[in-house]
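Everything numeric here is computed off the predicted structure, so don't read it as measured data.
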Amino acid sequence: LWRDVAAQDLASLGADPDAGGLREILIVFEELGRASCPAPLLGAVCANLLLREANGQGAFLADLHAGKTIIAPAFGAFDGDAGAGSAVLANGQLNGRVDFVESAECATHALVFLEDGVAIIALRDAGVTVTAMPGLAVPALSRLDLKGVKATRVPVARGLLEDVADIVRLACASRALGGAQRAFDLAVEHAKVRKQFGELIGSFQAIQHKLANSLIQLDGARLSLTQAAAAHDDGNRDWRVFAASADRKSTRLNSSHTD
């Protein structure tokens with residue numbers, strides 16, 4: 001699956017700002033959600049955004065874009081959850097614990113966020129323990145236990161780390177939006193053929209109201225995500241305000257569709 005995704009040049013999303021911005025990233029993630037596609041694209045986007053101007057990472061990114069490398073992003077203190085853990089790099093060795101890591105079960109490398117940069121590690125190296133944490137996420141998120149792991153440190157400004165963390169939240173929100181849109185489309189199709197009391201349930205006013213409310217929420221979430229992406233791509237200094245609004249609206253949307 002990852003090789004097929006890379007063959008469509010999607011593994012290079014975010015690598016060239018002139019080839020597409022945040023709006024393009026969100027469109028791709030919405031489609032992944034609509035198709036329930038588990039392609040490990042989140043780590044690739046993080047790597048492209050964080051390493052595209054870093055010295056000495058050209059070969060690593062080339063392998064990523066060719067589909068030879070799969071990256072699991074480990075956000076630690078930038079996750080937004082106090083229980084996400086953290087890692088410390090000293091003398092070329094990485095130690096700590098990071099939770100809620102996506103794609104670790106299939107990744108070749110992890111991109112671990114530090115306070116002043118990122119650490120690149122090979123997940124098959126000694127000292128790395130990957131433990132699945134079953135929950136609502138499919139495939140499951142994982143925990144990384146790191147003990148004296150050999151790591152390559154890449155210095156990154158804290159502001160860029162925070163920006164990428166916000167971009168990831170928007171990407172996840174877009175992916176959730178795609179899944180919610182697909183669920184809505186299936187519900188509409190069901191309402192057109194399912195009968196109750198001899199009538200199509202789509203003719204019942206209560207069903208019509210539920211579908212209308214769902215459509216309003218979908219359109220509102222999509223509009224807020226589009227505005228956040230436009231603000232980012234246009235260089236609006238307040239784009240994070242739009243991002244926070246979009247994230248909150250998408251979270252409510254995901255909760256209502258789960259219900």
Side-chain angles (χ1 to χ4, degrees), residues 2 6 11-17 25 39-133 137 139-172:
W2 180 239
S12 61
L13 270 176
D16 183 359
I25 292 173
L41 192 57
L42 205 60
V45 169
C46 288
N48 290 328
L49 293 171
L50 292 170
L51 305 180
R52 65 190 182 191
E53 297 182 1
N55 294 325
Q57 299 305 317
F60 181 75
L61 290 177
D63 284 345
L64 171 65
H65 300 164
K68 299 177 182 179
T69 297
I70 299 175
I71 298 176
F75 300 102
F78 291 86
D79 181 271
D81 189 315
S86 62
V88 176
L89 181 62
N91 300 320
Q93 293 187 330
L94 193 65
N95 292 277
R97 188 209 80 233
V98 186
D99 288 339
F100 315 131
V101 180
E102 183 174 305
S103 304
E105 81 289 344
C106 66
T108 59
H109 294 76
L111 193 68
V112 184
F113 280 52
L114 308 172
E115 290 294 330
D116 56 353
V118 292
I120 303 173
I121 62 172
L123 288 177
R124 295 184 179 87
D125 280 359
V128 181
T129 302
V130 179
T131 305
M133 303 173 67
L141 301 179
S142 299
R143 167 180 293 173
L144 299 185
D145 289 296
L146 310 167
K147 297 181 180 179
V149 181
K150 182 181 179 181
T152 299
R153 177 183 176 275
V154 180
V156 178
R158 184 176 180 86
L160 180 55
L161 292 170
E162 292 172 346
D163 282 350
V164 171
D166 281 334
I167 288 172
V168 165
R169 292 185 182 95
L170 294 180
C172 290

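Between A126 and V149, the closest heavy-atom pair is O-CG2, 4.1 Å. Contact detail for P40 and I70: the closest heavy-atom pair is CG-CG2, 3.6 Å. The two residues R52 and L49 make their nearest non-hydrogen contact at NH1-CD2, 3.7 Å. Annotation for G148 and N95: closest pair N-OD1, 2.7 Å, computed over non-hydrogen atoms. In this structure, V112 and A87 approach most closely via the heavy-atom pair CG1-CB, 3.9 Å. Across all non-hydrogen atoms, the minimal contact from A119 to A151 is CB-CB, 4.1 Å.
Taking 4.5 Å as the limit, every side-chain heavy atom of V101 sits out of range of all side-chain heavy atoms of L141. Residues L42 and V168 have side chains in contact (heavy-atom distance under 4.5 Å, counting atoms from C-beta outward). Within the 4.5 Å cutoff, no side-chain heavy atoms of F75 are placed close to those of D81. Put simply, the side chain of L161 reaches to within 4.5 Å of the side chain of V118, judged on heavy atoms. For the pair T108 and R124, the minimum side-chain heavy-atom distance is below 4.5 Å. Between D166 and L170 the shortest side-chain heavy-atom distance does not fall below 4.5 Å. Put simply, the side chain of T152 reaches to within 4.5 Å of the side chain of Q57, judged on heavy atoms. Here the side chains of F60 and H65 are not in contact, with every heavy-atom distance at 4.5 Å or above.
Judged by distance alone, with hydrogens and angles left aside, the side-chain atoms of N91 form no donor-acceptor pair with the main-chain N or O of Q93 at under 3.5 Å. Here the side chain of N48 pairs a donor or acceptor atom with the backbone of A11 at under 3.5 angstrom. Although no hydrogens or angles enter the test, the distance criterion places a donor-acceptor pair under 3.5 Å between the side chain of W2 and the main chain of T69.
Atom CD1 of residue I71 and atom CG of residue L51 lie 7.0 Å apart, to the nearest 0.5 angstrom. Atoms CD1 and CG, on I121 and L144 in that order, are 6.0 Å from each other to the nearest 0.5 Å. Taking CZ of R153 as the reference point, atom CG of D116 lies at 4.5 Å (rounded to 0.5 Å). Annotation: the span from L123 atom CG to E105 atom CD amounts to 10.0 Å, rounded to 0.5 Å. With rounding to the nearest 0.5 angstrom, the CG atom of D63 is 8.5 Å from the NE2 atom of H109. To the nearest 0.5 Å, the span separating OG on S142 from CD on E102 amounts to 10.0 Å.
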Test side-chain contact (heavy atoms from CB on, under 4.5 Å) on V164 and F113 and set out the steps. CA-CA 10 Å; V164 171; F113 280 52; 4.1 Å; yes
Before giving the answer on side-chain contact (heavy atoms from CB on, under 4.5 Å), spell out for V154 and I120 the whole-Å C-alpha distance, their side-chain angles and the decisive distance to 0.1 Å. CA-CA 8 Å; V154 180; I120 303 173; 4.1 Å; yes
Apply the test side-chain contact (heavy atoms from CB on, under 4.5 Å) to residues R143 and F100: give CA-CA distance (whole Å), side-chain angles for both, the deciding distance (0.1 Å), then the verdict. CA-CA 6 Å; R143 167 180 293 173; F100 315 131; over 6 Å; no
With side-chain contact (heavy atoms from CB on, under 4.5 Å) as the test, would you mind laying out the steps for V88 and L94 before giving the verdict? CA-CA 6 Å; V88 176; L94 193 65; 5.9 Å; no
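Crowding of D16 atom CG: a count of heavy atoms from other residues, nucleotides or ligands under 6.0 Å exceeding 12.
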